[in-house]
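Quick notes on the structure that follows.
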Amino acid sequence: MRVLLKFTIDCDPDAAWRALHSPRAVSELYGPMVDMEPMAPEGLPTTFSPGDDIPVQLTALGAIPLGRQLIHASERVVDEPAGRVRIFRDSGIPLTGPLAALDVWDHQMAVSPVPGRPDQALWRDRLVIGGAAAPALWPMLWTVWQWRGARIRALAPTWAHDPASDRASDEASADDEG
């Protein structure tokens, strides 16, 4: 069973790609409905990197345990006629809670340029679930993914920044003070 989303967001593809790798940005996508807390004592990494296996605890509305999830990160790039598509994949698996009844969890998020709009990205989100519990869980996950899509569209403009410009601005400010 699948949940699919496809829409344009108000940030460039590089900013969207950075956000896909940011545990903080990912956590914000589900807030305030679902909280994602690290299970490892060192906390969440600054960025998700290919090969990472990161266990997290999910809680709904700050109080209802949803279970533990293993995030397994990988990525790939596909060159298409309309431009480069970067795909981030979480092929981890729910470890406990209601979602642990699923046999398959494959979440892929793709970002690519919008032709003629360098300040916007095309976002594609695909969740594939499987197992005997999938038909019962699909409506809930579909609903969560609609919320997630709205959050992505709302938060995307906050992702748009140029770290190199930020550093140059910080250095210029330091020179002015010095």
Side-chain angles (χ1 to χ4, degrees), residues 1-36 38 43-54 56 58 69-92 104-129 138 141-178:
M1 302 194 82
R2 295 180 196 183
V3 179
L4 302 171
L5 299 175
K6 180 180 178 181
F7 47 83
T8 300
I9 57 175
D10 289 324
C11 72
D12 64 83
D14 291 334
W17 187 243
R18 282 190 305 271
L20 278 173
H21 289 80
S22 168
R24 181 176 176 196
V26 171
S27 292
E28 289 175 347
L29 294 181
Y30 296 103
M33 191 162 45
V34 176
D35 294 321
M36 180 177 79
L44 291 172
T46 304
T47 62
F48 293 124
S49 298
D52 280 351
D53 284 315
I54 301 165
V56 295
L58 302 175
Q69 175 103 7
L70 179 68
I71 297 170
H72 177 77
S74 61
E75 60 188 52
R76 65 188 172 102
V77 176
V78 177
D79 288 318
E80 293 185 351
R84 189 168 83 171
V85 179
R86 292 177 277 185
I87 303 165
F88 182 90
R89 181 179 184 195
D90 171 13
S91 58
V104 175
W105 180 274
D106 186 10
H107 183 200
Q108 295 187 47
M109 296 145 283
V111 295
S112 57
V114 173
R117 298 295 310 261
D119 60 331
Q120 292 188 332
L122 177 63
W123 183 285
R124 289 175 271 186
D125 208 317
R126 182 183 81 178
L127 174 66
V128 177
I129 59 170
W138 184 86
L141 289 169
W142 183 89
T143 301
V144 169
W145 250 246
Q146 303 316 301
W147 168 262
R148 177 185 157 80
R151 294 286 293 169
I152 291 167
R153 288 188 290 273
L155 292 171
T158 69
W159 300 337
H161 75 282
D162 182 355
S165 295
D166 291 349
R167 281 193 297 277
S169 176
D170 291 345
E171 289 169 6
S173 295
D175 289 343
D176 290 343
E177 292 172 7

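A heavy-atom distance below 4.5 Å is found between the side chains of Ile152 and Phe7. Side-chain contact check for Trp105 versus Leu141: some heavy-atom pair is nearer than 4.5 Å. Between Arg151 and Met33 there is no side-chain heavy-atom pair separated by less than 4.5 Å. Annotation: side chain of His21 is not in contact with side chain of Val26 (no heavy-atom distance under 4.5 Å).
By the salt bridge (Lys or Arg N to Asp or Glu O under 4.0 Å) test, Asp106 is found to be paired with Arg89, Arg126, residues two or more places apart in sequence or in another chain being considered. Every residue meeting the side chain to side chain donor-acceptor pair (under 3.5 Å) condition with Asp10, not counting sequence neighbours, appears here in chain and number order: Gln120. Every residue was checked against the side chain to side chain donor-acceptor pair (under 3.5 Å) condition with Arg76, not counting sequence neighbours, and none meets it. Here Ala121 pairs with Ile9, Pro13, Ala16 under the side-chain contact (heavy atoms from CB on, under 4.5 Å) rule; sequence neighbours left out. Legend: residues meeting side chain to side chain donor-acceptor pair (under 3.5 Å) with Asp79, ordered by chain and number and at least two apart, are absent. Partners of Arg24 under the side-chain contact (heavy atoms from CB on, under 4.5 Å) rule, at least two apart in sequence or in another chain, are Ser22, Glu28. Applying the side-chain contact (heavy atoms from CB on, under 4.5 Å) test to Val3 and every residue at least two apart in sequence or in another chain returns Leu127, Trp138, Trp142, Trp145, Gln146. For Asp90, there are no salt bridge (Lys or Arg N to Asp or Glu O under 4.0 Å) partners two or more places apart in sequence or in a different chain. Residues satisfying the side-chain contact (heavy atoms from CB on, under 4.5 Å) test with Asp14, not counting sequence neighbours, are Asp12, Arg18, Arg86. For Phe48, there are no ring pair (Phe, Tyr, Trp, His ring centres under 6.0 Å) partners two or more places apart in sequence or in a different chain.
Of all the heavy atoms in Met36 and Pro23, the pair that sits closest is CE-O, 3.8 Å. The shortest non-hydrogen separation linking Pro45 to Asp52 is CG-OD2, 4.4 Å. In terms of heavy-atom proximity, Leu122 sits nearest to Val114 at N-CG2, 3.6 Å. Residues Trp147 and Leu29 share a closest heavy-atom pair of NE1-O, 3.8 Å. Taking every heavy atom of both residues into account, Ala73 and Ser49 meet most closely at CB-O, 3.5 Å. The two atoms that bring Tyr30 and His107 nearest to each other are OH-CE1, 4.4 Å, heavy atoms only.
Among residue pairs with one or both ends in residues 110-119, those qualifying as salt bridge (Lys or Arg N to Asp or Glu O under 4.0 Å) are Arg117-Asp119; sequence neighbours excluded.
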